[in-house]
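Notes follow once the structure below has been shown.
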Amino acid sequence: MSFRTVWANQLDLSLAGSEVTIAGWVQRRRDHGGLIFVDIRDRSGIVQVVAEPQSAVFPLLDGLRAEYVVSITGVVQKRPEGMVNREIASGDVEIVPTQVRVLSQSKTPPFMPQEAESVDELVRLKYRYVDLRRPSLFNNFRLRDKVLYSLRTFFHEQGFLEVETPALARSTPEGARDFLVPSRVQPGAFYALPQSPQIFKQLLMVAGFERYYQIAKVFRDEDLRADRQPEFTQIDVEMSFLEREDILSLMEMMMKRVFADGLGVMLEDFPRMSWEQALRLYGSDKPDLRAGEPLVDLTETARQLDWDVLAKAPHVVGAVCRQYQPSRKQLDQWNQFAKDHGASGLIWLILNEDGIRTSASKWLSPDDLSRFADTAGMRPGDTLFLVAGAKPLAFVVAGQLRLEFARQENRMESGWKFLWVTEFPLFEWSEDENRLVSAHHPFTMPMAEDIHLLTTNPLAVRSEAYDVVLNGIELASGSLRIYQPEVQEKIFSVLGLSHEEINEKFGFLIQAFQYGAPPHGGIAFGLDRLIMLMAGAKSLRDVIAFPKTARGTDPLMEAPAPVDSRQLDELGIQIKPQS
RNA sequence: GGAGGCGUGGUGUAGUCGGCCUAACACGCAUGCCUGUCACGCAUGAGAUCACGGGUUCGAAUCCCGUCGCCUCCGCCA
């Protein structure tokens, strides 16, 4: 006797009269004294079982409680006239049981799966297996599986090999804090869990694998957010003998395939934008194209003024809010918003049929005002916010204002707004360390036309790096890699790494590149973020089966946890008392 | 490292400017009644260290100090 012959959502009128066996959990029991209804839930849906007192299995149904696991055999019966439930797939029918097997009893659960939505997340994580029973969560994993299947099919068709790389690797400088794993065999030495399989995948290119991918777990010991977990999954890709364009179009094809297979959505071609453009047009390296029009650069218009605050500002950036007439209080709030984000203040212009109101009426003539309004493309009813300041700041603040306005006023367009951001700077200045650091990572290839600036003006050097941005979220990041050892050494020296450090940290990579490295490049997508966006989930926790809390703990296993002193002894580790 | 929000039966909340709280309501749970429900209905009942520790007070869920936990954001995340 099998546990199950059909899924709950397969039951419909076509099966009326036939005998079936269903298996699942008791979702609810409705006891009418003489008549008992029991809803049975499996991962496909729900079906109603009904029994009258004269039924041989009536006492068994009577004894069922929430979340008992049962297998029920019975005859599918068309529901009486007017008793159809349109809410569930099997709502036309019900099962009249002939055999009820209680496979497993359940204690009263801390919460019912169907009410979990409103339950405290800590409780849900502690009883994650109950939480995961609710369809809305389960469906995220169905989608995740679909996407992974689609990805693997795509990669396989395109000649990629799925290759696993070590989880026990070595700590590398630069980048996020590593999770360390002590070695027992080499006392005092540590492995590091990979922040990405970066070096391994490049070594695979040197090895001639040509096209590699991996659904790779990676680890970063940094503080967490709704969209950040300490361990997460990357779609890691690397390929040889391809130009940047080839890589971008292949990866774009991949995303289109995934959205078609996963959601039935046909994506349009992704627009391209340089990092410089992204900053100037959206004040961000991950523009959200749903949030309306780009910023307007009004620096030139400001130059003509007598008023130094604007005329002498390095940049004056405008954000146009269409059909928006803010109140006095709202204007104050926007001003505070700008200050909170580092601007010295905010100038506003409100255009109406009867003229322009402004916070700068003392300094700007009517002519000045209309020049601004014209240049910014204002129409009656619009509000223009101006931010003056230095290069990144003025754009960034205006960009954040643009975003926040769209959010607050519900102006976000719907849909999937992808874009490529390219030509990132190769280096950034680190105030903390008082030195240049890699913007992407130290193996990123500089753009050929900028190589001559490496020593003279390194901050102006652009790189062959590219990001995929979806709805304002960084989804993927990649680059062409340096494959000439002399260029790599040059980069290391600009980064201020000594030969000893280079040899100690990256010697193996430099050495590998001396044995025939092909031109290569790659990219890594955040799989969890992708699924989160596709599923419309608010947190990564909703697309990871057993996620960690914001403090990095797992309430279910109660990890991390202290270990036995014998384990520490074996590792030669002593715990310092907390000060 | 910093900021904010939250913490009251199993779950969700009310009560929080000190007393009428011997802590309320809904869901859940238990028992009984009920033959067409699907958030079944009705009745009865059990169930609470008011996160933890300290303090103020005649009196603390409520005020003060500290700690812990959860969530969100900034820093951080090549």
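A note on names: the letters A, B, ... follow the listed sequences, proteins ahead of strands, and every chain is numbered from 1.
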Think A:R177 has a side-chain N or O under 4.0 angstrom from the OP1 or OP2 of B:rG75?
no
Check this for me: does any side-chain nitrogen of one of A:R124 and A:E117 sit under 4.0 Å from a carboxylate oxygen of the other?
no
NZ/NE/NH1/NH2 to OD/OE distance under 4.0 Å, A:E222 and A:R228:
no
Under a 3.5 Å cutoff, is there a donor and acceptor pairing between the side chains of A:Q234 and A:S196?
no
Distance check, P atoms only: B:rA51 and B:rU16, in whole angstrom units.
15 Å
Of all of residues 218-225 of chain A, which get a heavy atom below 4.0 angstrom from RNA chain B, listed by number?
A:R220, A:E222, A:D223, A:R225
For this output row, return yes or no: ring centroids of A:H499 and A:F492 closer than 6.0 angstrom.
no
At less than 4.0 Å, is any side-chain N or O atom of A:T553 found next to OP1 or OP2 of B:rC70? Yes or no.
yes
Could you measure between the two C1' atoms, the one in B:rC50 and the one in B:rG15, and give it in whole Å?
10 Å
Between A:R134 and A:S136, is any side-chain donor less than 3.5 angstrom from a side-chain acceptor?
yes
Tell me which nucleotide, if any, is Watson-Crick or G-U wobble paired with B:rA24 when both distances must be under 3.5 Å.
B:rU13
note: A:E67, atom CD; B:rU11, atom C1'; distance rounded to Å ~ 14 Å
Separation of B:rG69 P from A:L122 CG (nearest whole Å):
11 Å
When the P atoms of B:rG2 and B:rU62 are considered, how many whole Å apart are they?
26 Å
For A:H441 and A:K548, take the nucleotide of RNA chain B holding the closest heavy atom to each; which residue's nucleotide lies nearer the 5' end?
A:K548
Let me know the distance between CG of A:L540 and P of B:rC73, rounded to the nearest Å.
11 Å
Using a strict 4.0 Å threshold on nitrogen-to-oxygen distance, state whether A:R86 and A:D92 make a salt bridge.
yes
Which nucleotides of nucleotides 29-40 of chain B have their base under 4.0 Å from a protein heavy atom (B), which only their sugar-phosphate (S), and which neither (-), written as one string 5' to 3'?
SSS--BBBBBSB
Separation of atom CD in A:E117 from atom P in B:rG28, rounded to whole Å
18 Å
With RNA chain B as reference, determine whether A:S196 or A:A550 sits nearer its 5' end, using the nearest nucleotide of each.
A:A550
Considering only the P atoms, how many Å lie between B:rC73 and B:rC58, rounded to the nearest integer?
46 Å
Take atom P in B:rU31 and the same atom in B:rA46, then report the distance between them in whole Å.
15 Å
Has A:E558 got more than 12 heavy atoms of other residues, nucleotides or ligands less than 6.0 Å from its CD?
no
Rounding to an integer number of angstrom, what distance separates B:rG47 and B:rU11 when you compare their C1' atoms?
13 Å
Side chains of A:R133 and A:Q27, donor plus acceptor under 3.5 Å
no
Interatomic distance at P, B:rC17 relative to B:rG7, whole Å:
13 Å
At under 4.0 Å between heavy atoms, what does A:R86 touch on the DNA or RNA strands: base, sugar-phosphate, or nothing?
nothing
Evaluation steps, ring-ring contact (aromatic ring centres under 6.0 Å, His included), between A:F405 and A:F385:
CA-CA 11 Å; A:F405 169 73; A:F385 290 107; 7.8 Å; no
Between CD of A:Q234 and C1' of B:rC77 the distance, given in whole Å, is 12 Å
At 4.0 Å (heavy atoms only), tell me whether A:V437 reaches a base, stays on the sugar-phosphate, or touches nothing.
nothing
Whole-Å distance, A:L193 CG to B:rC77 P, equals 18 Å
Nearest whole angstrom, please: distance from the C1' of B:rC70 to the CG of A:L125.
10 Å
Please state the C1' separation for the pair B:rU57 and B:rC25 - nearest whole angstrom.
31 Å
Watson-Crick or G-U wobble mate for B:rC68, both contacts under 3.5 Å:
B:rG7
Between A:R462 and A:E276, does any side-chain N to carboxylate O distance fall below 4.0 Å?
no
List every contact pair, protein side and nucleotides 7-10 of chain B side both N or O, where the distance is under 3.5 Å.
| unit_1 | atom_1 | unit_2 | atom_2 | d |
| --- | --- | --- | --- | --- |
| B:rG10 | O2' | A:P110 | O | 2.7 |

Rounded to whole Å, the CD-P distance (A:E121 to B:rG12) equals 12 Å
Does the pair A:R290/A:D288 count as a salt bridge with the N-to-O cut at 4.0 Å?
yes
For residues A:L419 and A:M273, report the shortest heavy-atom separation together with the two atoms involved.
CD1-CE, 3.5 Å
Identify the two heavy atoms, one from A:V206 and one from A:A517, that lie closest to each other, and give their separation to 0.1 Å.
CG2-CB, 4.0 Å
